[in-house]
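Everything on this sheet refers to the single structure shown next.
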Amino acid sequence: MAASRNYDLVVVGSGFAGSMATLNFLEECERNNKKGRVALVEVGKDGERCGASRWTMAYLRLDKNNDFDQDWVKEMREVSNGMADELYCLKLQQEAKKTATYLEEHGVQLNHHDEKNVLLEFKTGQHFVFPEGGGRAVIDCLFKHITSRDNCDVHWETEATKLLTDNAGAIRGVKVRKNDGLLYDLIAPNVVLACGGFEGNQEMLARYIGRNTHNLPLIAPGVRYNKGAGLRMALEVGAGTAGSFDGMHCELVDTRASKPDAVIWGHNYGIVVNKECQRFYDEGKRHLFATFEMIALETWRDQNQSAFFVTDDSIMKRFRPGWVYDTTDKEPESSDTIRGLAEKLGVDPDALEKTVNEFNAACNDKEFDLMKLDGKATVGLKPNKTNWAAPIVKAPFYGYPMTAHLTFTYGGVKTDLYGRVLSTNDIPIPGLWGAGEMTGLFYNEYPPATSVLRSLTFGRIAGVEIAQNLGKSHIEVNGAALHADFQGKTENAPMMTVGA
């Protein structure tokens, strides 16, 4: 690699957002007979590339027709207390189906799943979608198309360190450090930052989120490279921010698992206890997807990163085989007695037996119904279980040891609906774009099965937009976008926003 190389676009990060931005830029250039050249920069090593994208199951909040959940915007408004950018959310709602179609047209097989046991809060007809082979299949498919072209250079084990700007503040490329330890300049009028949040940066986690974040394992190997580089570089050139910087998404995983992303999803359908065998969270408070993040955060924050799920044979026969308990690669611990299960889980048999007996005695006599918030609750416990409180009585009994893993952080740069990074004064920074989890959106909670979709969708939008405007001046690009924004607002349509 020479001391500097010239491109039309540099994309930093090779996950969902970065790969979609790269491929869509290349394809749009081809459609418009433009000779666009792109550099895709990835800091990860072989086997650990693409952030969390390669490892996730990649659940998508879509119905049988690949239409996005129409209630998600309302949910975002509620959980964020109105702070989330509603126009951005509407844009995702409008564009999600196009993204699903794009994946299918490029060879990704989307599985349509009718859920019979888990009550979904999604307005999708008890349905969701996931790619056959998970996120790995999506990344492999996108890369097959990217690497089939000769106008894209992929720079593996290359760290982006600094955005290059001209004297007027417009982007003119990225300074990178290769694995030889030396610095090089990748010159381009456009840069897409798609390199994740700051999950792998303990200093930033401590600064923004607080104490004990160093005890949070990461959910996938590639996440360790998400060190907030994109955020840091963008802030250095005056980018604005969005999303709650003290927020993060965590999930409970099987501590015994030998694979990444070994999530134990079904905390609702039994009890979850800490190391002292005490319950600490209302397992039936809300829907599964609405609470799996909150119980993980509680485990990290107040339970010394140790929790145990306990249930009985009736639940396991209902749910297995299936995604709820089989995302891990380990069989559950089991025993014909609660005391025997406690020994296998490494907790006090007397204490677990006492907790289970007290829970069983406190369950009311309402009918157990998985397809609604059934009101089958406990009485007199602290905390009570609000729904799905079925006595744990049918042997064999089953359990999983669990701990919280960090998946992604909430805080990031502010973008508009085209993916352009906005300054602290909400003005687009010429030539700077952002997509994926390094762009801020979520506050307080993460309404699930949407992170993959938004990364794919806004990566696609940014790639197309950059290609269509290739060769135009920054004034022309920003002027056209502002005109479209004005037209959209007068038509009451969400064409552009000043926050993300």
Side-chain angles (χ1 to χ4, degrees), residues 2-13 17-18 21-22 25 28-29 32 34-41 153 155 158-177 183-195 228-242 412-436 438-440 458-459 461-486 495-500:
S4 65
R5 294 284 296 272
N6 291 326
Y7 296 94
D8 297 292
L9 169 65
V10 176
V11 177
V12 182
T22 300
F25 172 81
E28 190 66 17
C29 283
N32 290 277
K34 296 180 179 180
K35 296 181 179 180
R37 188 164 189 81
V38 58
L40 179 55
V41 174
D153 295 334
H155 300 283
T158 300
E159 177 190 8
T161 64
K162 184 179 180 63
L163 291 168
L164 304 175
T165 61
D166 63 21
N167 290 335
I171 296 298
R172 67 175 189 88
V174 184
K175 187 174 289 293
V176 301
R177 189 183 301 277
L183 295 173
Y184 301 86
D185 291 347
L186 301 181
I187 305 301
N190 295 284
V191 172
V192 175
L193 298 175
C195 45
L231 175 62
R232 174 185 54 76
M233 291 188 294
L235 293 179
E236 287 175 353
V237 298
T241 60
V413 300
K414 183 187 295 187
T415 63
D416 66 13
L417 299 192
Y418 302 100
R420 299 181 303 171
V421 174
L422 301 178
S423 71
T424 54
N425 199 33
D426 295 334
I427 303 299
I429 297 174
L432 187 58
W433 309 73
M438 71 149 291
T439 62
F458 285 96
I461 290 171
V464 170
E465 187 71 18
I466 295 167
Q468 289 179 346
N469 289 288
L470 197 63
K472 296 180 182 179
S473 70
H474 293 302
I475 294 175
E476 289 177 300
V477 174
N478 290 352
L482 289 171
H483 176 72
D485 178 38
F486 176 77
M495 296 298 293
M496 177 180 152
T497 181
V498 296

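Positions are given from 1 along the sequence.
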>> By the definition side chain to side chain contact (heavy atoms under 4.5 Å, CB included), identify the one residue from Thr439, Ile171, Leu163, Leu432 that meets it with Val421.
In response: Leu432
> Picking from Ile187, Asn190, Asp153, Val41, what satisfies side chain to side chain contact (heavy atoms under 4.5 Å, CB included) with Val10?
Replying inline: Val41
>> So Met233 and Lys175, do their side chains get closer than 4.5 Å, heavy atoms only?
In response: no
>> To the closest 0.5 Å, what do you measure between CG (Asp8) and NZ (Lys35)?
In response: 11.5 Å
>> For the backbone of Thr161 and the side chain of Arg232, can you confirm whether one donor and one acceptor N or O come within less than 3.5 Å of each other?
In response: yes
> Which atoms form the tightest heavy-atom contact between Gly434 and Thr415, and what is the distance?
Replying inline: O-CG2, 3.9 Å
>> In the structure I gave you, are the side-chain heavy atoms of Trp433 and Glu465 within less than 4.5 Å of one another anywhere?
In response: yes
> Which atoms form the tightest heavy-atom contact between Gly18 and Leu40, and what is the distance?
Replying inline: O-CD1, 4.4 Å
> So, does Asn425 use its side chain to make a donor-acceptor pair with the main chain of Ile427 at under 3.5 Å?
Replying inline: no
>> How close do Ile461 and Leu417 get, counting heavy atoms only, and between which atoms?
In response: CG2-O, 3.7 Å
>> I need the Leu164 CG to Arg172 CZ distance, nearest 0.5 Å.
In response: 5.0 Å
>> Is any side-chain heavy atom of Asp426 closer than 4.5 Å to one of Lys414?
In response: yes
>> Looking at Lys34 and Glu28, would you say the former's side chain and the latter's main chain have a donor-acceptor pair under 3.5 Å?
In response: no
> For the residue pair Ala17 and Ala194, what are the closest heavy atoms and their distance?
Replying inline: CB-CB, 3.9 Å
> Looking only at heavy atoms, which two atoms of Gly169 and Ile429 are closest? And how far apart?
Replying inline: O-CG2, 4.2 Å
> Does the side chain of Tyr184 reach to within under 4.5 Å of the side chain of Val176, using non-hydrogen atoms?
Replying inline: yes
>> What's the separation between atom OG1 in Thr241 and atom CG in Leu235, rounded to the nearest 0.5 Å?
In response: 7.0 Å
>> Measuring from atom CG of Leu183 to atom NZ of Lys162, what distance do you get when rounded to the nearest 0.5 angstrom?
In response: 11.0 Å
> Going through the distances and angles, do Thr22 and Val192 end up as a side-chain contact (heavy atoms from CB on, under 4.5 Å)?
Replying inline: CA-CA 9 Å; Thr22 300; Val192 175; over 6 Å; no
> Nearest heavy-atom pair of Leu9 and Ala188: which atoms, and what distance?
Replying inline: N-CB, 3.8 Å
